[in-house]
Q: 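Got a structure for you, questions after.
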Amino acid sequence: MHLLDGLNEMQQQAVSTTEGPVMVMAGAGSGKTRVLTHRIAYLIEELGIPSNQILAVTFTNKAAMEMKERVSKLLDRDVRNMWISTFHACCVRILRKDILYLNKHTRDFVIIDEEDALRLIRDILKSLEIDKKEFNPKVLKDAISKIKNKVYIPSNNPYTEEIVDKVYLNYQKVLQDENLLDFDDLIIMTIEIFEKFPHVLEYYQNLFQYIMIDEFQDTNSIQYHLINLLAQKSKNIFVVGDQDQSIYSFRGARIENIDLFQKDYSNTKIILLEQNYRSVKNILNLANSLIEKNQKRIKKNLFTVKTFDNLPVYYRAESGYAEAIYVKEKIEQMLNEGYNYSDIAILYRANAISRLFEDIFIKYKIPYRIYGGVSFYRRKEIKDIICYLRLITNLDCDFAFKRIINEPKRKIGDSVVEKLTAIKDQYHVSLFAAIDYAEGIVSKQQLNALLDFKFMILELQERIEDCSIDDFIDLVLQRTTYLEMLQAQNEEGLDRLANIYELKSILSDVNEDITGSNYEKLNVFLSDVALKTDADEIDDKEDFVKMMTFHQAKGLEFKVVFMVVMEQGIFPNQLIRDHNDLEEERRICYVGITRAMERLFLTNAINRRYQGMITSNNPSQFIKEMDAKYLEAYGHLNGSFENNYTRRIKIVADDKPINKDYKVGDKINHATFGDGLVVGVDSKNITVAFSVQYGIKKLVANHPSIRKI
């Protein structure tokens with residue numbers, strides 16, 4: 001098959017324009033991954049470029065894996081060793097080879113995630129006798145990250161700046177002393193090597209003759225600097241992005257990089273991908289009518305040949321409870337129309353919004369899963385087992401040692417670890433090696449516990465090649481008594497054990513995919529696992545409704561999408577400072593709309609209980625900015641809003657009776673006031689006694705916020 005077959009004209013142009021700087025503005029659903037993978041295959045198959053001379057960078061491991069699989073299929077050969085990866089994974093690969101140039105870390109450095117970094121900062125605050133209530137560890141971690149990325153803004157408070165500096169210096173010292181790197185270090189240290197050792201940079205410039213960057217609008221300053229260094233020699237740099245989908249400024253992403261690229265590469269060829277293959281026409285027209293209100297964008301107009309009779313729906317409910325019931329009923333309708341639960345997504349602006357919808361789904365037995373909670377690789381039991389494996393494969397890993405030395409409990413508390421740390425500093429050894437110097441410094445009972453731990457780890461290290469990795473995990477569980485601890489925890493322990501068995505399955509796949517000894521396979525796995533993110537764990541195969549924020553939905557698509565709680569002050573949120581912030585919120589809304597393939601529902605409510613308060617919000621301004629002819633609107637719509645939707649308004653009887661046969665003694669539930677007892681009934685109203693907090697209320701009997709229990 002010719003590699004340009006099946007591509008539209010602009011896609012063909014993007015694939016075959018191989019020399020010099022190229023910028024592709026790829027609209028939502030326009031086939032950018034198809035273009036990237038065909039371009040890689042085209043370079044190799046048509047131009048004869050060696051596969052190791054191509055660097056392709058994206059933002060999630062899942063996207064990188066998909067790209068590898070597609071390229072492999074196009075070329076009909078294994079491409080797992082190609083440089084197709086995330087920014088961080090690419091830098092890890094470089095650092096494993098070249099980090100010794102910096103004389104700070106060894107090649108077996110350990111990568112820590114956000115949670116591990118926060119734990120280090122908490123320990124540092126404790127050692128500095130700083131109250132963590134006064135200085136939030138998350139805020140400090142963010143400040144440290146900004147210092148590293150050279151975007152830190154001083155607080156104008158000398159005391160605060162002094163604390164940040166102290167914590168930063170101590171944090172960096174711990175990282176260096178314990179051979180640890182955080183996510184920021186991976187890119188920053190790679191750049192540091194390139195700038196301090198030009199011959200290393202030249203090696204990679206000569207190696208990567210063709211560089212491709214996916215999701216370019218999400219790059220930050222440091223990432224842009226990295227790829228700019230690598231591309232300086234060949235100038236064959238190909239970036240794919242979409243200004244309309246730039247929604248990560250809070251992570252440092254710079255939409256300005258699109259303008260900067262065109263300045264740095266003055267002969268840039270710009271190609272627009274405007275044909276959408278995901279959404280039907282009505283949804284796409286609605287998205288276009290919204291995003292055209294933004295000024296900071298390269299203008300394009302997405303089009304599609306896919307049609308569908310149904311217009312997107314806007315529904316305004318009386319209450320948050322009524323909104324959730326409406327979503328539940330529409331999900332049931334979608335199932336009757338032939339959709340599966342797995343075809344449906346609920347999107348919202350903030351995680352706190354999910355709770356009411358969860359309650360309704362649980363009550364009516366609608367299967368769902370929330371994304372953005374504790375991800376698999378961040379669960380305690382998974383991190384514990386991973387740290388056991390780290391220590392077994394690297395006895396010098398103090399970070400792993402500290403996590404599992406007393407997990408399960410071995411009567412080796414913080415005071416013992418502090419004494420081992422003092423020994424470590426005195427003799428310049430690891431914490432594991434410090435056990436040999438502990439006699440006379442810790443009690444006899446503590447020494448025996450330490451020696452038992454030491455010999456257990458050494459025994460496991462000796463047996464690493466005696467069985468399959470699958471069986472080795474079982475051995476670790478047994479010898480460490482971790483299995484015994486979980487079995488004693490009844491149902492919760494069994495759930496945690498099930499997660500560990502899932503880890504075994506993952507390791508079994510590693511066993512099949514990677515050649516070498518068990519020791520080598522485990523090291524590859526441990527290096528990769530630190531780079532896993534929540535986005536890598538979304539499973540499209542299981543049949544449940546998916547619930548997530550708009551940010552988590554980026555890059556995904558669903559046949560049916562509900563965008564809920566579309567209210568001013570919530571979306572766009574109340575933290576808007578300027579025009580740039582508002583444009584980003586509008587882009588977030590655009591991303592939400594363009595996740596939908598066939599059906600789209602936008603919902604909100606007149607009143608709701610949110611963040612402990614009863615609120616009454618106006619509809620999101622974004623709904624009013626959408627072209628009325630692409631929406632059908634239902635529910636409690638005020639006059640001025642109705643006027644925007646002449647000829648399209650279909651007001652359903654939102655005040656229809658839910659159960660008009662009330663009698664004294666009935667128990668009811670009210671969305672705001674909770675459970676109550678009916679103490680009076682007339683033709684239209686019921687009188688209800690609620691808790692002392694709300695007292696007796698006279699209510700319209702057929703109000704949608706009331707249901708009989």
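Quick note: numbers below take in every heavy atom, side chains included, and nothing from hydrogens, waters or symmetry partners. None of these values were measured; they are calculated from a predicted model.
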Q: Between K300 and D242, does any NZ, NE, NH1 or NH2 come within less than 4.0 Å of an OD or OE carboxylate oxygen?
A: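 Yes, D242 and K300 are salt-bridged.
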Q: Please list, chain by chain and in numerical order, all residues satisfying side-chain hydrogen bond (donor to acceptor under 3.5 Å, both in side chains) with Y368, sequence neighbours excluded.
A: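 Expected list: E358.
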Q: The criterion is ring-ring contact (aromatic ring centres under 6.0 Å, His included); which residues satisfy it with F238, sequence neighbours excluded?
A: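 ring-ring contact (aromatic ring centres under 6.0 Å, His included) check on F238 returns nothing, list empty.
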Q: Going through the checks in order, is the side-chain contact (heavy atoms from CB on, under 4.5 Å) test met by L102 and E192?
A: CA-CA 8 Å; L102 296 178; E192 188 179 355; 3.7 Å; yes
Q: Assess the residue pair R379 and E502 against the criterion (salt bridge (Lys or Arg N to Asp or Glu O under 4.0 Å)); give the C-alpha distance rounded to whole Å, side-chain angles, the decisive distance to 0.1 Å, and a yes or no.
A: CA-CA 12 Å; R379 290 171 181 157; E502 179 63 22; over 6 Å; no
Q: Apply the test side-chain contact (heavy atoms from CB on, under 4.5 Å) to residues F194 and L230: give CA-CA distance (whole Å), side-chain angles for both, the deciding distance (0.1 Å), then the verdict.
A: CA-CA 9 Å; F194 287 168; L230 289 170; 3.7 Å; yes
Q: Under 4.0 Å between a side-chain nitrogen and a carboxylate oxygen: does that hold for K504 and D474?
A: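 Answer for the salt bridge query: yes.
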Q: Assess whether a salt bridge exists between K296 and E583, defined as any Lys/Arg side-chain N lying under 4.0 Å from an Asp/Glu carboxylate O.
A: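 Not counted as a salt bridge, because no side-chain N and carboxylate O are separated by less than 4.0 Å.
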Q: Among all residues two or more places apart in sequence or in another chain, which pass the side-chain contact (heavy atoms from CB on, under 4.5 Å) test with E66?
A: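 Partners of E66 under the side-chain contact (heavy atoms from CB on, under 4.5 Å) test: T33, R70.
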Q: Output the distance between atom NZ (K383) and atom OH (Y388), rounded to the nearest 0.5 Å.
A: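 Separation between the atoms: 15.5 Å.
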Q: For D214, which residues count as a side-chain hydrogen bond (donor to acceptor under 3.5 Å, both in side chains) partner, sequence neighbours excluded?
A: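 Listed in chain order: K32, T58.
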Q: For F197, enumerate each residue passing the ring-ring contact (aromatic ring centres under 6.0 Å, His included) test, keeping only those at least two apart in sequence or located in another chain.
A: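 For F197 the ring-ring contact (aromatic ring centres under 6.0 Å, His included) partners, ignoring immediate neighbours, are Y101.
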Q: OG/S246 to OH/Y590 distance, rounded to the nearest 0.5 angstrom?
A: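 Answer rounded to 0.5 Å: 13.0 Å.
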Q: Taking the basic N atoms (NZ, or NE/NH1/NH2) and the acidic carboxylate oxygens, is any pair closer than 4.0 Å for R297 and D244?
A: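 Salt bridge: yes.
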Q: E598: which residues meet the side-chain hydrogen bond (donor to acceptor under 3.5 Å, both in side chains) condition with it, sequence neighbours left out?
A: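 Checked E598 against side-chain hydrogen bond (donor to acceptor under 3.5 Å, both in side chains); matches are Y339.
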Q: Evaluate the side-chain contact (heavy atoms from CB on, under 4.5 Å) criterion for residues I111 and F183: first the C-alpha distance (whole Å), next the side-chain angles of each, then the deciding distance (0.1 Å), finally the verdict.
A: CA-CA 7 Å; I111 305 163; F183 270 36; 3.8 Å; yes
Q: With D218 as reference, evaluate R251, K554, R587 under the salt bridge (Lys or Arg N to Asp or Glu O under 4.0 Å) test and give the passing residue.
A: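 Answer to the salt bridge (Lys or Arg N to Asp or Glu O under 4.0 Å) test with D218 among R251, K554, R587: K554.
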Q: Nearest 0.5 Å please: distance from the NZ atom of K299 over to the CD atom of E274.
A: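 Atom-to-atom, K299:NZ and E274:CD are 13.0 Å apart.
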Q: Tell me whether S342 contacts the main-chain N or O of F544 through its side chain, where contact means a donor paired with an acceptor under 3.5 Å.
A: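 No, S342 side chain to F544 backbone: no donor-acceptor pair under 3.5 Å.
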Q: Hey, does the side chain of D343 reach the backbone of N340 with a donor-acceptor pair shorter than 3.5 angstrom?
A: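 Yes, the answer is positive, given that a donor and an acceptor are paired below the 3.5 Å cut-off.
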Q: Could I get the full list of side-chain hydrogen bond (donor to acceptor under 3.5 Å, both in side chains) partners for D182, not counting sequence neighbours?
A: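 By the side-chain hydrogen bond (donor to acceptor under 3.5 Å, both in side chains) rule, D182 matches K148, Y171.
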Q: Would F261 and F216 count as a ring-ring contact (aromatic ring centres under 6.0 Å, His included) here? Give the steps.
A: CA-CA 10 Å; F261 183 90; F216 183 66; 5.6 Å; yes
Q: May I ask you to say whether E19 pairs ionically with K235, meaning some side-chain N is under 4.0 Å from a carboxylate O?
A: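 Between K235 and E19 there is no salt bridge, as every charged N stays at least 4.0 Å from the carboxylate O atoms.
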Q: Mind checking side-chain contact (heavy atoms from CB on, under 4.5 Å) for S221 and listing every partner two or more places apart, or none if nothing turns up?
A: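 side-chain contact (heavy atoms from CB on, under 4.5 Å) check on S221 returns R254.
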Q: Can you tell me how far CD of Q262 sits from CG of N257, rounded to the nearest 0.5 angstrom?
A: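 Reported value, rounded in 0.5 Å steps: 11.5 Å.
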Q: Output yes when E292 and R586 qualify as a salt bridge under the 4.0 Å nitrogen-oxygen rule, no when they do not.
A: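 Not counted as a salt bridge, because no side-chain N and carboxylate O are separated by less than 4.0 Å.
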Q: Of all residues at least two apart in sequence or in a different chain, which pass the side-chain contact (heavy atoms from CB on, under 4.5 Å) check with P50?
A: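 For P50 the side-chain contact (heavy atoms from CB on, under 4.5 Å) partners, ignoring immediate neighbours, are N52, Q53.
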Q: When rounded to the nearest 0.5 angstrom, what is the spacing between CE in M25 and CD1 in I298?
A: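 It is 5.0 Å, given to the nearest 0.5 Å.
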Q: Under the rule for side-chain contact (heavy atoms from CB on, under 4.5 Å), what residues qualify as partners of E195, not counting sequence neighbours?
A: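 Testing E195 for side-chain contact (heavy atoms from CB on, under 4.5 Å), a comparison that skips the adjacent residues, returns I191, H225, L229.
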Q: Test of understanding: with ring-ring contact (aromatic ring centres under 6.0 Å, His included), list the residues that count as partners of F399, not counting sequence neighbours.
A: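 For F399, no residue satisfies ring-ring contact (aromatic ring centres under 6.0 Å, His included) once neighbours in sequence are set aside.
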Q: Calculate, to the nearest 0.5 Å, the distance between atoms NZ and CG belonging to K281 and L302 respectively.
A: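 That separation rounds to 13.5 Å.
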Q: Tell me if the CE atom of M10 is crowded by more than 12 foreign heavy atoms within 6.0 Å.
A: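 More than 12 heavy atoms, drawn from other residues, nucleotides or ligands, come within 6.0 Å of this atom.
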Q: Is the side chain of Q217 donor-acceptor paired with the backbone N or O of I255 at a distance under 3.5 Å, no angle test?
A: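 A pair under 3.5 Å: no.
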Q: Could you list the donor-acceptor pairs under 3.5 angstrom formed by side chains in residues 87-99, with sequence neighbours left out?
A:
unit_1: R93; atom_1: NH1; unit_2: N81; atom_2: O; d: 3.4
unit_1: R93; atom_1: NH1; unit_2: M82; atom_2: O; d: 3.4
unit_1: R93; atom_1: NH2; unit_2: N81; atom_2: O; d: 3.0
unit_1: R96; atom_1: NH1; unit_2: R107; atom_2: O; d: 2.6
unit_1: R96; atom_1: NH1; unit_2: F109; atom_2: O; d: 2.9
unit_1: R96; atom_1: NH2; unit_2: F109; atom_2: O; d: 3.3
unit_1: R96; atom_1: NH2; unit_2: S527; atom_2: OG; d: 3.2
unit_1: D98; atom_1: OD2; unit_2: Y204; atom_2: OH; d: 2.6

